[in-house]
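Side chains are part of it too, since the values below use all heavy atoms of this structure and drop only hydrogens, waters and symmetry mates.
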Amino acid sequence: MPLFCVNMKEYVLVRLTSMSHDGRAVGRIENLSALNWSNQNIQCQNAQYNGMVVFVQNAIIGQTVMAELIENKKNFLSAKCAEIIEQSPFFSSGICPHQKECGGCAWQNIAYEKQIQEKENYIKNALKRLGKVQNFEKNFYPLLSPLSAAARQNETLFYRNKMEFAFALQNGKLALGLRKKNSHEPVEVTDCKLQNPHAMKILAVLRSQLQDFQYDFFRYAVLRVFQNNWTVELITYPFSKQHKNEEEQTILACYEALKGNIAGLVHSERKAGTDIAYGERIIREFGKTVLYEKLKISGREIDFKLGSSAFFQVNSAMAEVLYQVVYDFASAILPEKNAHIWDFYCGIGSIGLSLANLCVENTKTFSLEYVKGLSVDTPCYSYKKAFLLGVEVVEKAISLAEENAQLNQCIFAKFICSAGKNLQKFFKQYSLPNLLILDPPRSGIENEAISSILQYAPQFLILVSCNPTTLARDLAKLTQKYSIKAIQGVDLFPHTPHVETVVLLERN
(Lines give C-alpha, C1' and ligand atoms only; values in the text may rest on other atoms or scores of the structure.)
Protein backbone atom coordinates (compact mmCIF):
# COMPACT_ATOMS: atom_id res chain seq x y z
CA MET A 1 0.00 0.00 0.00
CA PRO A 2 1.32 3.46 -0.83
CA LEU A 3 2.04 5.90 1.97
CA PHE A 4 -0.14 9.00 1.68
CA CYS A 5 1.56 12.23 2.70
CA VAL A 6 -1.49 14.50 2.92
CA ASN A 7 -1.37 14.91 6.71
CA MET A 8 2.40 15.17 6.86
CA LYS A 9 2.69 18.30 4.67
CA GLU A 10 6.11 17.34 3.36
CA TYR A 11 7.81 19.43 0.67
CA VAL A 12 10.69 18.90 -1.74
CA LEU A 13 12.59 21.35 -3.91
CA VAL A 14 13.06 19.85 -7.38
CA ARG A 15 14.28 20.74 -10.86
CA LEU A 16 11.88 19.35 -13.47
CA THR A 17 13.63 17.82 -16.46
CA SER A 18 10.92 16.07 -18.51
CA MET A 19 7.18 15.54 -18.96
CA SER A 20 5.20 12.35 -18.35
CA HIS A 21 2.53 10.87 -20.62
CA ASP A 22 -0.22 12.10 -18.27
CA GLY A 23 0.89 15.75 -18.39
CA ARG A 24 2.86 15.93 -15.12
CA ALA A 25 6.41 17.26 -14.90
CA VAL A 26 9.15 14.90 -13.75
CA GLY A 27 12.38 15.45 -11.84
CA ARG A 28 14.83 13.63 -9.58
CA ILE A 29 15.28 14.98 -6.06
CA GLU A 30 18.72 16.41 -5.28
CA ASN A 31 20.26 18.21 -2.31
CA LEU A 32 19.17 21.70 -3.41
CA SER A 33 19.09 24.77 -1.20
CA ALA A 34 15.64 26.30 -0.66
CA LEU A 35 16.93 29.88 -0.26
CA ASN A 36 14.24 31.31 -2.52
CA TRP A 37 11.41 29.43 -0.85
CA SER A 38 9.03 32.16 0.36
CA ASN A 39 7.86 30.30 3.47
CA GLN A 40 10.92 29.88 5.67
CA ASN A 41 8.86 28.13 8.35
CA ILE A 42 8.52 25.02 6.17
CA GLN A 43 11.41 22.62 5.79
CA CYS A 44 11.95 20.75 2.56
CA GLN A 45 12.63 17.02 2.81
CA ASN A 46 15.19 16.66 0.02
CA ALA A 47 17.69 14.79 2.15
CA GLN A 48 15.10 12.18 3.13
CA TYR A 49 14.04 11.54 -0.48
CA ASN A 50 17.35 12.22 -2.24
CA GLY A 51 17.60 10.40 -5.58
CA MET A 52 13.91 9.58 -5.90
CA VAL A 53 11.87 10.47 -8.98
CA VAL A 54 8.92 12.80 -8.38
CA PHE A 55 5.91 13.51 -10.64
CA VAL A 56 4.55 17.03 -10.09
CA GLN A 57 1.07 18.28 -10.99
CA ASN A 58 0.58 21.82 -12.35
CA ALA A 59 4.23 22.22 -13.33
CA ILE A 60 6.25 22.02 -16.55
CA ILE A 61 9.68 20.98 -17.76
CA GLY A 62 12.46 23.46 -16.97
CA GLN A 63 10.93 24.83 -13.76
CA THR A 64 12.41 24.54 -10.29
CA VAL A 65 9.51 24.20 -7.86
CA MET A 66 8.70 23.63 -4.23
CA ALA A 67 6.34 20.67 -4.39
CA GLU A 68 3.99 19.33 -1.74
CA LEU A 69 4.12 15.55 -1.56
CA ILE A 70 0.84 13.74 -2.12
CA GLU A 71 1.82 10.10 -2.34
CA ASN A 72 4.90 8.02 -1.66
CA LYS A 73 5.06 4.85 -3.73
CA LYS A 74 7.81 2.26 -3.84
CA ASN A 75 9.74 3.71 -6.77
CA PHE A 76 8.54 7.31 -7.07
CA LEU A 77 6.74 10.22 -5.41
CA SER A 78 3.66 12.15 -6.50
CA ALA A 79 3.36 15.84 -5.67
CA LYS A 80 1.67 19.11 -6.58
CA CYS A 81 3.37 22.42 -7.24
CA ALA A 82 3.24 24.71 -4.20
CA GLU A 83 5.43 27.51 -5.59
CA ILE A 84 7.54 28.14 -8.68
CA ILE A 85 11.07 29.03 -7.55
CA GLU A 86 12.58 29.40 -11.04
CA GLN A 87 10.51 29.77 -14.20
CA SER A 88 11.08 27.50 -17.18
CA PRO A 89 12.72 28.81 -20.38
CA PHE A 90 10.00 26.81 -22.19
CA PHE A 91 7.12 28.55 -20.41
CA SER A 92 4.27 29.87 -22.53
CA SER A 93 1.49 32.04 -21.13
CA GLY A 94 -1.13 29.52 -22.23
CA ILE A 95 -3.96 29.70 -24.71
CA CYS A 96 -7.09 29.36 -22.61
CA PRO A 97 -8.73 31.33 -19.76
CA HIS A 98 -9.84 28.03 -18.15
CA GLN A 99 -6.33 26.53 -17.93
CA LYS A 100 -6.03 26.61 -14.12
CA GLU A 101 -9.09 24.39 -13.62
CA CYS A 102 -9.77 22.51 -16.86
CA GLY A 103 -7.96 19.26 -17.59
CA GLY A 104 -8.29 19.51 -21.38
CA CYS A 105 -4.93 21.03 -22.43
CA ALA A 106 -2.33 19.87 -19.91
CA TRP A 107 0.61 21.13 -21.98
CA GLN A 108 -0.65 24.53 -23.10
CA ASN A 109 1.89 26.33 -20.85
CA ILE A 110 4.77 24.73 -22.76
CA ALA A 111 6.05 26.36 -25.96
CA TYR A 112 4.79 24.25 -28.87
CA GLU A 113 8.28 23.56 -30.26
CA LYS A 114 9.19 22.04 -26.88
CA GLN A 115 5.97 19.99 -26.87
CA ILE A 116 7.09 18.39 -30.13
CA GLN A 117 10.50 17.56 -28.66
CA GLU A 118 8.95 16.06 -25.53
CA LYS A 119 6.61 13.87 -27.56
CA GLU A 120 9.56 12.51 -29.52
CA ASN A 121 11.34 11.81 -26.22
CA TYR A 122 8.21 10.15 -24.83
CA ILE A 123 8.11 7.69 -27.75
CA LYS A 124 11.85 6.99 -27.55
CA ASN A 125 11.86 6.54 -23.77
CA ALA A 126 8.86 4.21 -23.90
CA LEU A 127 10.59 2.00 -26.46
CA LYS A 128 13.92 2.00 -24.59
CA ARG A 129 12.80 1.71 -20.98
CA LEU A 130 9.51 -0.17 -21.20
CA GLY A 131 9.94 -2.20 -24.38
CA LYS A 132 13.73 -2.65 -24.11
CA VAL A 133 13.73 -2.18 -27.90
CA GLN A 134 17.26 -1.76 -29.25
CA ASN A 135 18.85 -0.06 -32.26
CA PHE A 136 15.76 1.80 -33.47
CA GLU A 137 17.17 5.36 -33.33
CA LYS A 138 18.61 5.28 -36.87
CA ASN A 139 15.10 4.59 -38.21
CA PHE A 140 13.38 7.25 -36.05
CA TYR A 141 12.05 10.24 -38.00
CA PRO A 142 11.32 13.75 -36.60
CA LEU A 143 7.77 14.27 -35.37
CA LEU A 144 5.26 15.61 -37.90
CA SER A 145 3.01 18.40 -36.60
CA PRO A 146 0.53 21.00 -37.87
CA LEU A 147 3.59 23.20 -38.52
CA SER A 148 5.04 20.60 -40.92
CA ALA A 149 4.97 21.29 -44.63
CA ALA A 150 2.83 18.16 -45.10
CA ALA A 151 -0.07 19.53 -43.01
CA ARG A 152 -2.94 21.25 -44.78
CA GLN A 153 -3.76 23.31 -41.67
CA ASN A 154 -0.92 25.37 -40.19
CA GLU A 155 -2.70 25.70 -36.86
CA THR A 156 -2.38 24.21 -33.38
CA LEU A 157 -5.76 25.58 -32.21
CA PHE A 158 -9.40 24.79 -33.08
CA TYR A 159 -8.40 21.45 -34.58
CA ARG A 160 -10.82 18.98 -33.03
CA ASN A 161 -13.76 17.72 -35.09
CA LYS A 162 -15.25 16.06 -31.99
CA MET A 163 -15.45 17.03 -28.32
CA GLU A 164 -17.17 15.42 -25.37
CA PHE A 165 -18.68 17.73 -22.75
CA ALA A 166 -19.99 16.39 -19.45
CA PHE A 167 -23.13 17.26 -17.48
CA ALA A 168 -23.33 17.28 -13.68
CA LEU A 169 -25.77 18.52 -11.07
CA GLN A 170 -24.00 21.17 -8.99
CA ASN A 171 -25.93 22.77 -6.13
CA GLY A 172 -29.22 21.73 -7.73
CA LYS A 173 -28.34 23.20 -11.14
CA LEU A 174 -27.17 21.44 -14.28
CA ALA A 175 -23.57 22.28 -15.24
CA LEU A 176 -22.06 21.51 -18.67
CA GLY A 177 -18.38 21.62 -19.57
CA LEU A 178 -15.03 19.82 -19.54
CA ARG A 179 -13.72 17.87 -16.57
CA LYS A 180 -11.62 19.62 -13.96
CA LYS A 181 -8.10 18.35 -13.41
CA ASN A 182 -8.19 15.11 -11.42
CA SER A 183 -11.95 15.37 -10.96
CA HIS A 184 -15.27 14.31 -12.47
CA GLU A 185 -16.76 17.76 -11.91
CA PRO A 186 -17.13 19.89 -15.07
CA VAL A 187 -15.73 23.36 -15.67
CA GLU A 188 -18.28 25.43 -17.60
CA VAL A 189 -15.91 26.39 -20.42
CA THR A 190 -16.97 29.37 -22.53
CA ASP A 191 -13.81 29.95 -24.56
CA CYS A 192 -12.28 26.53 -25.37
CA LYS A 193 -9.48 26.70 -27.97
CA LEU A 194 -9.63 23.09 -29.15
CA GLN A 195 -12.79 23.07 -31.28
CA ASN A 196 -14.17 25.68 -33.66
CA PRO A 197 -15.60 28.65 -31.64
CA HIS A 198 -19.07 27.72 -32.93
CA ALA A 199 -18.99 24.93 -30.31
CA MET A 200 -19.13 27.55 -27.56
CA LYS A 201 -22.29 29.01 -29.11
CA ILE A 202 -23.90 25.54 -29.07
CA LEU A 203 -22.95 25.03 -25.40
CA ALA A 204 -24.38 28.44 -24.52
CA VAL A 205 -27.72 27.51 -26.13
CA LEU A 206 -27.81 24.19 -24.25
CA ARG A 207 -27.02 25.86 -20.92
CA SER A 208 -29.75 28.42 -21.48
CA GLN A 209 -32.26 25.75 -22.44
CA LEU A 210 -31.41 23.52 -19.48
CA GLN A 211 -30.90 26.14 -16.78
CA ASP A 212 -34.03 25.04 -14.89
CA PHE A 213 -33.62 21.29 -15.43
CA GLN A 214 -32.91 19.62 -12.07
CA TYR A 215 -32.96 15.84 -12.63
CA ASP A 216 -30.05 13.44 -12.93
CA PHE A 217 -30.77 12.56 -16.55
CA PHE A 218 -28.22 14.20 -18.87
CA ARG A 219 -24.71 12.71 -19.04
CA TYR A 220 -22.83 14.07 -22.09
CA ALA A 221 -23.12 16.43 -25.01
CA VAL A 222 -20.89 15.25 -27.88
CA LEU A 223 -20.27 17.90 -30.55
CA ARG A 224 -19.07 16.87 -34.01
CA VAL A 225 -18.20 19.00 -37.04
CA PHE A 226 -17.18 17.74 -40.47
CA GLN A 227 -17.08 19.88 -43.60
CA ASN A 228 -18.74 22.74 -41.61
CA ASN A 229 -21.76 20.59 -40.67
CA TRP A 230 -22.44 20.23 -36.94
CA THR A 231 -24.28 17.56 -34.96
CA VAL A 232 -24.95 17.22 -31.26
CA GLU A 233 -25.39 13.88 -29.50
CA LEU A 234 -27.10 14.14 -26.11
CA ILE A 235 -26.27 11.03 -24.09
CA THR A 236 -28.59 10.45 -21.14
CA TYR A 237 -29.58 7.83 -18.62
CA PRO A 238 -32.70 5.85 -19.63
CA PHE A 239 -35.98 7.71 -19.19
CA SER A 240 -37.25 7.66 -15.62
CA LYS A 241 -40.80 6.54 -14.83
CA GLN A 242 -41.51 9.66 -12.81
CA HIS A 243 -40.20 12.33 -15.22
CA LYS A 244 -40.27 10.63 -18.65
CA ASN A 245 -42.61 13.16 -20.26
CA GLU A 246 -40.58 16.13 -19.09
CA GLU A 247 -37.33 14.46 -20.16
CA GLU A 248 -38.70 13.77 -23.65
CA GLN A 249 -39.99 17.33 -24.00
CA THR A 250 -36.65 18.73 -22.85
CA ILE A 251 -34.75 16.79 -25.55
CA LEU A 252 -37.17 18.11 -28.19
CA ALA A 253 -36.81 21.65 -26.82
CA CYS A 254 -33.01 21.39 -27.07
CA TYR A 255 -33.27 20.50 -30.74
CA GLU A 256 -35.72 23.30 -31.45
CA ALA A 257 -33.39 25.79 -29.74
CA LEU A 258 -30.34 24.49 -31.62
CA LYS A 259 -31.87 24.08 -35.10
CA GLY A 260 -30.28 27.22 -36.47
CA ASN A 261 -26.83 26.18 -35.23
CA ILE A 262 -26.63 22.47 -36.13
CA ALA A 263 -27.59 20.07 -38.90
CA GLY A 264 -28.97 17.40 -36.58
CA LEU A 265 -29.30 16.05 -33.05
CA VAL A 266 -29.07 12.49 -31.75
CA HIS A 267 -30.51 11.37 -28.44
CA SER A 268 -28.91 8.17 -27.15
CA GLU A 269 -28.99 6.45 -23.78
CA ARG A 270 -26.28 4.84 -21.68
CA LYS A 271 -27.26 2.49 -18.85
CA ALA A 272 -23.73 1.54 -17.82
CA GLY A 273 -22.28 3.53 -14.95
CA THR A 274 -18.79 3.67 -16.48
CA ASP A 275 -17.72 7.20 -17.32
CA ILE A 276 -17.56 6.91 -21.12
CA ALA A 277 -19.27 9.26 -23.57
CA TYR A 278 -20.76 6.48 -25.69
CA GLY A 279 -24.46 5.89 -26.20
CA GLU A 280 -25.45 2.23 -26.07
CA ARG A 281 -28.73 2.78 -27.91
CA ILE A 282 -30.06 5.56 -30.11
CA ILE A 283 -33.50 6.72 -28.91
CA ARG A 284 -34.31 9.35 -31.55
CA GLU A 285 -32.69 11.42 -34.26
CA PHE A 286 -33.63 14.93 -35.35
CA GLY A 287 -32.61 16.61 -38.62
CA LYS A 288 -29.59 15.41 -40.61
CA THR A 289 -27.30 13.34 -38.42
CA VAL A 290 -25.12 11.70 -41.08
CA LEU A 291 -21.79 13.46 -41.57
CA TYR A 292 -19.17 13.12 -44.30
CA GLU A 293 -15.46 13.83 -44.41
CA LYS A 294 -13.01 13.94 -47.30
CA LEU A 295 -9.28 13.24 -47.03
CA LYS A 296 -6.65 13.58 -49.71
CA ILE A 297 -4.01 10.84 -49.60
CA SER A 298 -1.22 10.74 -52.17
CA GLY A 299 -3.21 12.94 -54.55
CA ARG A 300 -6.35 10.80 -54.28
CA GLU A 301 -9.54 12.02 -52.56
CA ILE A 302 -11.32 9.53 -50.29
CA ASP A 303 -14.83 10.14 -48.99
CA PHE A 304 -16.00 8.83 -45.63
CA LYS A 305 -19.51 8.49 -44.29
CA LEU A 306 -19.56 8.83 -40.52
CA GLY A 307 -22.21 7.55 -38.16
CA SER A 308 -23.30 9.43 -35.06
CA SER A 309 -20.94 7.36 -32.88
CA ALA A 310 -18.34 6.08 -35.37
CA PHE A 311 -14.68 6.51 -34.48
CA PHE A 312 -12.72 8.90 -36.67
CA GLN A 313 -9.46 10.71 -35.93
CA VAL A 314 -10.36 13.89 -34.03
CA ASN A 315 -8.02 16.07 -36.10
CA SER A 316 -8.96 15.74 -39.78
CA ALA A 317 -6.07 17.85 -41.09
CA MET A 318 -3.48 15.75 -39.25
CA ALA A 319 -5.35 12.52 -40.05
CA GLU A 320 -4.32 13.19 -43.66
CA VAL A 321 -0.69 13.40 -42.51
CA LEU A 322 -1.02 10.22 -40.42
CA TYR A 323 -2.58 8.20 -43.25
CA GLN A 324 -0.05 9.58 -45.73
CA VAL A 325 2.72 8.19 -43.51
CA VAL A 326 1.03 4.77 -43.56
CA TYR A 327 0.63 5.06 -47.34
CA ASP A 328 4.29 5.99 -47.83
CA PHE A 329 5.50 3.10 -45.66
CA ALA A 330 3.19 0.67 -47.47
CA SER A 331 4.01 1.83 -50.99
CA ALA A 332 7.72 1.48 -50.25
CA ILE A 333 7.46 -2.24 -49.52
CA LEU A 334 4.45 -3.51 -51.49
CA PRO A 335 4.49 -4.94 -55.01
CA GLU A 336 3.26 -2.32 -57.45
CA LYS A 337 -0.52 -2.58 -58.10
CA ASN A 338 -0.57 -6.11 -56.72
CA ALA A 339 -0.93 -5.79 -52.96
CA HIS A 340 -2.88 -7.93 -50.58
CA ILE A 341 -3.53 -5.84 -47.43
CA TRP A 342 -5.22 -6.70 -44.15
CA ASP A 343 -6.43 -3.79 -42.01
CA PHE A 344 -7.18 -4.97 -38.44
CA TYR A 345 -9.07 -2.76 -35.98
CA CYS A 346 -10.18 -1.04 -39.17
CA GLY A 347 -13.07 1.04 -37.77
CA ILE A 348 -14.98 2.59 -40.68
CA GLY A 349 -12.22 1.52 -43.08
CA SER A 350 -10.29 4.78 -43.09
CA ILE A 351 -6.72 3.41 -43.26
CA GLY A 352 -7.44 0.50 -45.59
CA LEU A 353 -9.43 2.58 -48.04
CA SER A 354 -6.65 5.20 -48.01
CA LEU A 355 -4.35 2.47 -49.35
CA ALA A 356 -6.88 0.93 -51.73
CA ASN A 357 -5.17 2.04 -54.93
CA LEU A 358 -2.21 -0.15 -53.97
CA CYS A 359 -4.49 -3.15 -54.61
CA VAL A 360 -5.70 -4.48 -57.97
CA GLU A 361 -9.29 -3.43 -58.60
CA ASN A 362 -11.42 -6.41 -59.56
CA THR A 363 -14.24 -5.99 -62.06
CA LYS A 364 -16.57 -8.38 -60.27
CA THR A 365 -18.15 -8.23 -56.84
CA PHE A 366 -15.61 -9.28 -54.24
CA SER A 367 -15.83 -12.63 -52.49
CA LEU A 368 -13.47 -14.58 -50.27
CA GLU A 369 -14.64 -17.81 -51.86
CA TYR A 370 -11.97 -17.81 -54.53
CA VAL A 371 -9.13 -18.10 -51.99
CA LYS A 372 -10.54 -20.95 -49.96
CA GLY A 373 -8.23 -23.39 -51.68
CA LEU A 374 -5.22 -21.43 -50.48
CA SER A 375 -3.96 -21.40 -46.92
CA VAL A 376 -0.71 -20.85 -45.07
CA ASP A 377 0.01 -24.53 -45.55
CA THR A 378 0.31 -24.13 -49.32
CA PRO A 379 3.87 -23.85 -50.70
CA CYS A 380 3.38 -20.34 -52.13
CA TYR A 381 1.88 -17.66 -49.92
CA SER A 382 0.34 -15.71 -52.79
CA TYR A 383 -3.20 -14.93 -53.81
CA LYS A 384 -4.69 -15.40 -57.24
CA LYS A 385 -6.06 -11.86 -56.93
CA ALA A 386 -5.08 -8.98 -54.70
CA PHE A 387 -7.58 -7.37 -52.34
CA LEU A 388 -8.17 -5.33 -49.20
CA LEU A 389 -9.55 -7.05 -46.09
CA GLY A 390 -10.73 -5.02 -43.08
CA VAL A 391 -11.60 -6.52 -39.70
CA GLU A 392 -13.32 -4.70 -36.82
CA VAL A 393 -15.30 -5.88 -33.77
CA VAL A 394 -17.93 -3.09 -33.85
CA GLU A 395 -20.82 -4.02 -36.16
CA LYS A 396 -21.88 -0.42 -36.84
CA ALA A 397 -18.35 0.43 -37.93
CA ILE A 398 -18.26 -2.55 -40.32
CA SER A 399 -21.54 -1.43 -41.90
CA LEU A 400 -20.07 2.03 -42.45
CA ALA A 401 -16.84 0.56 -43.81
CA GLU A 402 -18.85 -1.38 -46.40
CA GLU A 403 -20.72 1.79 -47.35
CA ASN A 404 -17.45 3.71 -47.59
CA ALA A 405 -15.99 1.04 -49.86
CA GLN A 406 -18.97 1.50 -52.19
CA LEU A 407 -18.73 5.27 -51.88
CA ASN A 408 -15.14 5.10 -53.14
CA GLN A 409 -15.85 2.36 -55.74
CA CYS A 410 -13.57 -0.11 -53.96
CA ILE A 411 -15.53 -3.21 -54.89
CA PHE A 412 -12.45 -5.33 -54.22
CA ALA A 413 -12.59 -4.49 -50.48
CA LYS A 414 -14.17 -6.83 -47.94
CA PHE A 415 -14.99 -5.98 -44.32
CA ILE A 416 -15.69 -8.60 -41.64
CA CYS A 417 -16.95 -8.16 -38.07
CA SER A 418 -14.54 -9.99 -35.78
CA ALA A 419 -12.24 -9.30 -32.82
CA GLY A 420 -8.54 -8.65 -33.27
CA LYS A 421 -7.75 -11.61 -31.04
CA ASN A 422 -9.27 -13.87 -33.72
CA LEU A 423 -6.45 -13.10 -36.15
CA GLN A 424 -5.32 -16.74 -36.16
CA LYS A 425 -8.50 -17.96 -37.87
CA PHE A 426 -7.81 -15.63 -40.80
CA PHE A 427 -4.24 -16.90 -41.09
CA LYS A 428 -5.55 -20.48 -41.02
CA GLN A 429 -8.29 -19.92 -43.58
CA TYR A 430 -6.48 -17.67 -46.04
CA SER A 431 -3.01 -17.09 -47.35
CA LEU A 432 -0.73 -14.55 -45.67
CA PRO A 433 -1.10 -10.91 -46.71
CA ASN A 434 1.71 -8.85 -48.15
CA LEU A 435 1.03 -6.36 -45.38
CA LEU A 436 -0.83 -6.53 -42.05
CA ILE A 437 -1.87 -3.17 -40.58
CA LEU A 438 -2.92 -2.94 -36.93
CA ASP A 439 -4.45 0.21 -35.42
CA PRO A 440 -5.63 -0.98 -31.97
CA PRO A 441 -7.27 1.05 -29.18
CA ARG A 442 -5.14 2.56 -26.39
CA SER A 443 -4.96 -0.83 -24.65
CA GLY A 444 -2.85 -2.15 -27.53
CA ILE A 445 -2.88 -5.43 -29.46
CA GLU A 446 -4.40 -8.48 -27.76
CA ASN A 447 -1.94 -11.17 -26.67
CA GLU A 448 -3.75 -13.73 -28.84
CA ALA A 449 -3.20 -11.58 -31.94
CA ILE A 450 0.50 -11.09 -31.19
CA SER A 451 0.95 -14.83 -30.66
CA SER A 452 -0.69 -15.49 -34.04
CA ILE A 453 1.56 -12.93 -35.76
CA LEU A 454 4.66 -14.54 -34.29
CA GLN A 455 3.44 -18.00 -35.31
CA TYR A 456 2.50 -17.23 -38.94
CA ALA A 457 4.80 -14.25 -39.50
CA PRO A 458 3.54 -12.21 -42.49
CA GLN A 459 6.45 -10.37 -44.07
CA PHE A 460 5.48 -6.77 -43.24
CA LEU A 461 3.58 -5.11 -40.39
CA ILE A 462 2.52 -1.52 -39.87
CA LEU A 463 1.46 -0.56 -36.35
CA VAL A 464 -0.50 2.63 -35.71
CA SER A 465 -0.64 3.50 -32.02
CA CYS A 466 -2.09 6.33 -29.91
CA ASN A 467 -0.29 5.08 -26.79
CA PRO A 468 3.54 4.79 -26.74
CA THR A 469 3.39 2.74 -23.55
CA THR A 470 1.34 -0.13 -25.00
CA LEU A 471 3.17 0.26 -28.32
CA ALA A 472 6.46 -0.38 -26.49
CA ARG A 473 4.96 -3.45 -24.81
CA ASP A 474 3.75 -4.84 -28.15
CA LEU A 475 7.05 -4.12 -29.92
CA ALA A 476 8.97 -5.88 -27.14
CA LYS A 477 7.19 -9.08 -28.19
CA LEU A 478 7.08 -8.56 -31.96
CA THR A 479 10.80 -7.79 -32.26
CA GLN A 480 11.47 -11.42 -31.44
CA LYS A 481 10.79 -12.06 -35.14
CA TYR A 482 10.66 -8.57 -36.68
CA SER A 483 13.02 -5.68 -37.27
CA ILE A 484 11.93 -2.03 -37.06
CA LYS A 485 12.42 -0.32 -40.42
CA ALA A 486 10.85 3.07 -39.67
CA ILE A 487 9.19 4.97 -36.80
CA GLN A 488 7.24 8.18 -37.37
CA GLY A 489 5.45 10.21 -34.71
CA VAL A 490 2.52 12.45 -35.72
CA ASP A 491 1.04 15.14 -33.46
CA LEU A 492 -2.74 15.01 -33.82
CA PHE A 493 -3.24 16.51 -30.35
CA PRO A 494 -1.36 19.83 -29.83
CA HIS A 495 -1.21 21.16 -26.24
CA THR A 496 -1.87 17.70 -24.79
CA PRO A 497 0.53 14.82 -23.94
CA HIS A 498 -1.01 12.52 -26.57
CA VAL A 499 0.77 11.46 -29.76
CA GLU A 500 0.27 8.97 -32.61
CA THR A 501 3.09 6.69 -33.76
CA VAL A 502 3.46 4.67 -36.97
CA VAL A 503 5.95 1.78 -37.06
CA LEU A 504 7.00 -0.31 -40.07
CA LEU A 505 8.34 -3.79 -39.28
CA GLU A 506 9.80 -6.50 -41.50
CA ARG A 507 10.10 -10.19 -40.69
CA ASN A 508 13.71 -11.20 -39.95
*May I ask you to check whether Phe217 and Phe167 place their ring centres under 6.0 Å from each other?*
no

*asked:* Run the side chain to side chain donor-acceptor pair (under 3.5 Å) test on Ser350 and Gln313 for me, step by step, so that the C-alpha distance in whole Å, both residues' side-chain angles and the decisive distance to 0.1 Å come before the verdict.
replied: CA-CA 9 Å; Ser350 50; Gln313 295 291 352; over 6 Å; no

*asked:* Donor-acceptor check, side chain of Asp474 to backbone of Gly444, threshold 3.5 angstrom: yes or no?
replied: no

_Ser465 and Asn467 side chains, donor-acceptor separation under 3.5 Å_ = no

*Could you check if a side-chain atom of Lys180 sits within less than 4.5 angstrom of a side-chain atom of Pro186, using non-hydrogen atoms only?*
no

*Can you name the one residue among Phe312, Tyr323, Phe226 that meets ring-ring contact (aromatic ring centres under 6.0 Å, His included) with Phe304?*
Phe312

*Just wondering, do Glu301 and Leu295 contact through their side chains at under 4.5 Å, heavy atoms?*
no

_Check: Gln424 main-chain N/O paired with Glu448 side-chain donor or acceptor under 3.5 Å_ = no

*asked:* Looking only at side-chain N and O atoms, does Glu246 offer a donor or acceptor that is under 3.5 Å from a partner on Tyr215?
replied: yes

_Donor + acceptor pair across side chains of Tyr159, Asn196 (<3.5 Å)_ = no

*Please examine the side chains of Ile462 and Leu435, heavy atoms only from C-beta on, and report whether any two atoms are closer than 4.5 Å.*
yes

_Donor + acceptor pair across side chains of Glu118, Ser18 (<3.5 Å)_ = no

*Please report the shortest heavy-atom distance between Gly420 and Phe344, naming the atom on each side.*
CA-CD2, 4.1 Å

*asked:* What's the separation between atom CD in Gln117 and atom CZ in Phe90, rounded to the nearest 0.5 Å?
replied: 6.5 Å

*Can you find a pair of side-chain heavy atoms, one from Val499 and one from Val490, that are under 4.5 Å apart?*
no

*Please confirm whether the backbone N or O of Leu400 pairs with a side-chain atom of Asn404, one donor and one acceptor, at under 3.5 Å?*
yes

*asked:* Distance alone, cut at 3.5 Å: any donor-acceptor contact between the side chains of His267 and Thr236?
replied: yes

_Minimum heavy-atom distance between Ile453 and Leu478, given as atom pair plus value_ = CG2-CD2, 3.8 Å

*Just by distance, with hydrogens left out, do Ser316 and Asn161 show a side-chain donor and acceptor under 3.5 Å apart?*
yes

*Between atom CG of Asn121 and atom CD1 of Ile116, what is the distance when rounded to the nearest 0.5 Å?*
12.0 Å

*asked:* Run the side-chain contact (heavy atoms from CB on, under 4.5 Å) test on Ser331 and Leu358 for me, step by step, so that the C-alpha distance in whole Å, both residues' side-chain angles and the decisive distance to 0.1 Å come before the verdict.
replied: CA-CA 7 Å; Ser331 61; Leu358 298 176; 4.2 Å; yes

*asked:* Using the rule side chain to side chain donor-acceptor pair (under 3.5 Å), only one of Gln115, Gln99, Gln108 pairs with His495; which is it?
replied: Gln115

*Kindly indicate, with the supporting measurements, whether the criterion side-chain contact (heavy atoms from CB on, under 4.5 Å) is fulfilled by Gln488 and Thr501.*
CA-CA 6 Å; Gln488 177 69 74; Thr501 312; over 6 Å; no

*For the side chain of Thr470 and the backbone of Arg442, is there at least one donor-acceptor N/O pair under 3.5 Å apart?*
yes

*asked:* What I want to check is whether the side chains of Glu185 and Gln170 have a donor and an acceptor closer together than 3.5 Å.
replied: yes

*Can you tell me how far CD1 of Ile437 sits from CG of Leu389, rounded to the nearest 0.5 angstrom?*
11.0 Å

*Any side-chain heavy atom of Asn434 within less than 4.5 Å of one from Ile341?*
no

_Expected output: side-chain Ser399 to main-chain Glu395 donor-acceptor under 3.5 Å_ = yes

_If we count only N and O atoms by modelled type, under 3.5 Å, do the side chains of Asp275 and Tyr220 hold a donor and an acceptor together?_
yes

*Look up atom CG in Leu407 and atom CD in Glu403, then write down how far apart they are to the nearest 0.5 Å.*
8.5 Å

_Side-chain donor/acceptor of Asn315 to backbone N/O of Leu492, under 3.5 Å_ = yes

*Begin with the C-alpha distance, continue with both residues' side-chain angles, and end with the deciding distance and a verdict on side-chain contact (heavy atoms from CB on, under 4.5 Å) for Val502 and Glu500.*
CA-CA 7 Å; Val502 186; Glu500 292 274 342; 5.9 Å; no

_Can you tell me if Gln227 has over 12 outside heavy atoms packed within less than 6.0 Å of its CD?_
yes

_4.5 Å side-chain heavy-atom contact, Leu210 and Phe218_ = yes

*Are Leu143 and Lys119 side-chain neighbours, meaning at least one heavy-atom pair lies under 4.5 Å?*
yes

*Is atom CG of Asp191 surrounded by more than 12 heavy atoms (other residues, nucleotides or ligands) closer than 6.0 Å?*
yes

*Report yes if the distance between the aromatic ring centroids of Phe427 and Trp342 is under 6.0 Å, otherwise no.*
yes

*Apply side-chain contact (heavy atoms from CB on, under 4.5 Å) to the pair Leu475 and Ile484, showing each step before the final yes or no.*
CA-CA 9 Å; Leu475 286 175; Ile484 295 174; 4.2 Å; yes

*Among side-chain atoms of Tyr327 and Ser354, is any donor-acceptor pair under 3.5 angstrom?*
no

_If you define the side chain from C-beta out and look only at heavy atoms, does anything of Pro497 sit under 4.5 Å from Met19?_
no

_Could you check whether Arg207 pairs with Glu188 (Lys NZ or Arg NE/NH1/NH2 to Asp/Glu carboxylate O, under 4.0 Å)?_
yes

*To the nearest 0.5 Å, what is the distance between NZ (Lys294) and CD (Glu320)?*
11.0 Å

*Look only at the side chain of Ser88 and the backbone of Ile61, and say whether a donor-acceptor pair between them is shorter than 3.5 Å.*
yes

*Over all heavy atoms of both residues, which pair between Gln195 and Val225 is shortest? Give the atoms and the distance, please.*
NE2-CG1, 4.0 Å

*Can you check whether Phe493's main-chain N or O pairs, donor with acceptor, with Thr496's side chain at less than 3.5 Å?*
yes

*All side-chain hydrogen bond (donor to acceptor under 3.5 Å, both in side chains) counterparts of Ser298, not counting sequence neighbours*: none

*asked:* Any donor-acceptor pair under 3.5 Å linking the side-chain atoms of Glu247 with those of Ser240?
replied: yes

*asked:* A quick test of your reading: do over 12 heavy atoms of other residues, nucleotides or ligands sit less than 6.0 Å from CD of Gln211?
replied: yes

*List the steps and the verdict of ring-ring contact (aromatic ring centres under 6.0 Å, His included) for Phe460 and Phe329.*
CA-CA 10 Å; Phe460 292 103; Phe329 284 2; over 10 Å; no

